[in-house]
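Taking it in order: structure first as structure tokens, then the write-up.
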Amino acid sequence: MHVQDSHWSSASTVAPGTALSASPGHGRVGGPRTTPLRVDAQRNLEHVLRAAREVFGELGYGAPMEDVARRARVGVGTVYRRFPSKDVLVRRIAEEETSRLTDQARTALGQEDEPWSALSRFLRTSVASGAGRLLPPQVLRVGVADEHDHARVPQQRSQPSGAELRLVPEEAPAAAGGDDTGAAQLLEVVGRLVERAREAGALRPDVSVSDVLLVIATAAPSLPDPAQQAAASARLLDILLEGLRSRPA
């Protein structure tokens, strides 16, 4: 995990007139397009997004745009034509990974009747996808909320002092060029998985949503050999899952 290297600032505003859509007619980063991308432009965009996911997954969000361009086999100018700043590309990748994790959590909720099976399925699927290396920082940062702060993470555990953990926003949504809707949805769905497992007595009562997300991040090491990486992730996740489970008194 290298989220500490991330570039997550308000500089992610898209330059006027710049088209950043990943699909004809609509765009998540640059807004609606009036014309679809040419076939070659669409292909280059797909290469850039795939390369960015790989590079940021391996090196963290601190990796330079030149590394993304090199992996995509395009010029760095091509990358900047699609994403006028690195922050725009980082935000795009993080939003996609947040959406991916939310879908995986909803699938586990809908297809697993047993609460522990649902939670462990979500964790295994998420770790296997490598999403932990690309989690946006705002879903991993926690701090102590005071009595006047109501922006608390669902189902966070109480601390010995009686305070509760909460998300620490990177910045105000308006300044960030967007909002935290995706992160909030992820926290809400994972919160339901955690609550079900806790109520069933399968999860330690002190485990929080942030703990579960940190497990996903921790169990996704970046190793040069894919087979070794998969084996290490599976082994580490088995150990972490045992630590999450409730034990008879």
Side-chain angles (χ1 to χ4, degrees), residues 1 3 22-23 26 28 53 57 91-142 145 150-159 164-170 173 178-221 230 233-248:
M1 264 300 295
V3 295
S23 59
H26 295 83
R28 294 183 58 185
R53 189 173 191 274
R91 195 170 289 274
R92 170 67 175 268
I93 297 299
E95 285 175 354
E96 290 183 350
E97 293 310 305
T98 300
S99 177
R100 185 196 307 270
L101 282 174
T102 303
D103 289 343
Q104 291 169 349
R106 285 177 176 145
T107 297
L109 273 171
Q111 296 184 2
E112 297 287 345
D113 294 330
E114 202 277 316
W116 177 256
S117 295
L119 180 60
S120 60
R121 171 176 172 165
F122 166 65
L123 287 169
R124 291 188 185 283
T125 303
S126 300
V127 169
S129 73
R133 294 187 294 275
L134 295 163
L135 280 171
Q138 66 262 35
V139 303
L140 292 175
R141 288 180 178 162
V142 293
H150 302 291
R152 294 184 173 93
V153 176
Q155 303 302 323
Q156 292 289 23
R157 65 176 181 266
S158 295
Q159 299 300 292
E164 296 180 18
L165 292 178
R166 63 172 176 85
L167 283 178
V168 179
E170 179 82 6
D179 57 39
D180 289 327
T181 302
Q185 290 176 346
L186 172 62
L187 292 168
E188 190 275 330
V189 180
V190 177
R192 288 159 60 192
L193 282 168
V194 169
E195 183 177 11
R196 286 181 59 199
R198 185 187 293 131
E199 290 179 347
L203 185 68
R204 281 173 42 178
D206 63 332
V207 172
S208 71
V209 174
S210 288
D211 293 329
V212 170
L213 293 175
L214 285 170
V215 165
I216 295 173
T218 303
S233 292
R235 172 64 177 162
L236 184 55
L237 182 56
D238 283 341
I239 294 171
L240 292 173
L241 282 171
E242 282 301 306
L244 295 178
R245 296 203 71 158
S246 177
R247 291 288 181 267

### Summary
Scanning both residues in full, the closest heavy-atom pair of A197 with L119 reads CB-CD2, 4.1 Å
### Message
Looking at S126, is its backbone amide N or carbonyl O close enough to the side chain of S129 to form a donor-acceptor pair, meaning the two atoms are under 3.5 Å apart?
### Response
yes
### Message
Quick check for you: to the nearest 0.5 Å, what is the distance between L241 atom CG and R124 atom CZ?
### Response
5.0 Å
### Query
So, are E188 and R192 salt-bridged, with charged N and O less than 4.0 Å apart?
yes
### Task
Applying side chain to side chain donor-acceptor pair (under 3.5 Å) between R121 and each of E114, E112, Q104, report the one that passes.
E112
### Message
For a quick test of reading the model, state the closest non-hydrogen atom pair linking V189 to A105 and the distance between them.
### Response
CG1-CB, 3.4 Å
### Query
Hey, what do you get for CZ (R204) to CG (L244), rounding to the nearest 0.5 Å?
7.5 Å
### Query
Hey, is R92 close enough to E96 for a salt bridge, meaning N to O under 4.0 Å?
yes
### Task
Using a strict cut-off of less than 4.0 Å between a Lys/Arg side-chain nitrogen and an Asp/Glu carboxylate oxygen, indicate whether R100 and E97 qualify as a salt bridge.
yes
### Task
Could you give me the CA-CA distance, side-chain angles and deciding distance for D211 and D206, then say whether side chain to side chain contact (heavy atoms under 4.5 Å, CB included) is met?
CA-CA 9 Å; D211 293 329; D206 63 332; over 6 Å; no
### Query
Between R198 (side chain) and S208 (backbone), is there a donor-acceptor pair under 3.5 Å?
no
### Summary
Rounding to 0.5 Å, atoms CG (L109) and CZ (R196) come to a distance of 5.5 Å
### Task
Quick one: pull up CD in E242 and CG in L237 and give me the separation to the nearest 0.5 Å.
10.5 Å
#### Entry: Considering all heavy atoms, the nearest S233-V127 contact
CB-CG1, 3.9 Å
### Check against side chain to side chain contact (heavy atoms under 4.5 Å, CB included), L135 and L101
CA-CA 9 Å; L135 280 171; L101 282 174; 2.9 Å; yes
### Query
Does the side chain to side chain contact (heavy atoms under 4.5 Å, CB included) test come out yes or no for V212 and F122, once each step is laid out?
CA-CA 10 Å; V212 170; F122 166 65; 4.2 Å; yes
### Query
What do the steps show when you test L193 against R106 for side chain to side chain contact (heavy atoms under 4.5 Å, CB included), and what is the final call?
CA-CA 9 Å; L193 282 168; R106 285 177 176 145; over 6 Å; no
#### Entry: Distance (rounded to the nearest 0.5 Å) between R133 CZ and I216 CD1
12.5 Å
### Query
Would you say T107's side chain and D103's backbone share a donor-acceptor pair under 3.5 angstrom?
yes
